[in-house]
Amino acid sequence: AQKITQTQPGMFVQEKEAVTLDCTYDTSDPSYGLFWYKQPSSGEMIFLIYQGSYDQQNATEGRYSLNFQKARKSANLVISASQLGDSAMYFCAMRETNSGGSNYKLTFGKGTLLTVNP
Amino acid sequence: GAGVSQSPRYKVAKRGQDVALRCDPISGHVSLFWYQQALGQGPEFLTYFQNEAQLDKSGLPSDRFFAERPEGSVSTLKIQRTQQEDSAVYLCASSLTSLFGEQFFGPGTRLTVL
């Protein structure tokens, strides 16, 4: 079974509007972390935001916020006030803290290609 | 400060050639990771170093893949007798601590095997 599922291969948004990128995950570990990375065409993975499984509040970083619904095992990324420079691939990833000692591995989804239209 | 750098950025190899991909992590970072990203996919874990020790190589796809980090800083991923299915972007990441630290990624090396 996929550990990270991103069901949207591509998304379009108008500049200045908000967009939500979906991510669901599958784990039996009680302790885990969820990450979102941005990958522009240059190839580098840029860290955006992190949510720990025990965090009470949803994470926010500037225009990025994470809509964390633990019972539904979803960790959607919300980008507010989209900018042209936000056009990129976005990856959701998970690190399982108690995964038999390999609690450093990131497991990634297949990504969502976001296009921001002017 | 300098981030993670990788070289070469692009590599074209003929099937059967050996290749070596270099990663320079952020200075002082204990942990170093290699990931393989096939076209249209997310990165997949290959191997993990803590300083010079290779603690996990469970993601290496075959014994043609070999990684080293002899002095605990620069790392090299070597692929012997390359095959077409090895074509991918190879990403290197480093983190300051061995556990829980944010992983900082390099720009990757795009390997094309003809």
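These numbers were taken from a predicted model, which means no experiment stands behind them. Chain naming here is simple, since letters A, B, ... match the order of the sequence lines and numbering starts at 1 in each.
- A centroid separation of 6.0 Å or more is found between the aromatic rings of F105(B) and F47(A).
- The ring pair (Phe, Tyr, Trp, His ring centres under 6.0 Å) check on Y25(A) picks up Y32(A), with sequence neighbours excluded.
- Interface remark: Q37(B) contributes side-chain atoms only to the contact with chain A (heavy atom separation under 4.5 Å).
- Residue R110(B): no heavy atom, backbone or side chain, is found under 4.5 Å from chain A.
- Less than 6.0 angstrom separates the ring centroid of Y48(B) from the ring centroid of Y104(A).
- Ring planes of F108(A) and Y37(A): tilted class, angle from 30 to 60°.
- Proximity to chain B (any heavy atom under 4.5 Å) is shown, for L106(A), by both the backbone and the side chain.
- For chain A, no part of F104(B) is nearby; none of its heavy atoms comes within less than 4.5 Å.
- Looking at Q39(A), the atoms closer than 4.5 Å to chain B (heavy atoms on both sides) all sit in the side chain, from C-beta outward.
- Classified by interplanar angle (parallel below 30°, tilted 30° to 60°, perpendicular above 60°), the ring pair F35(A)/Y50(A) is tilted.
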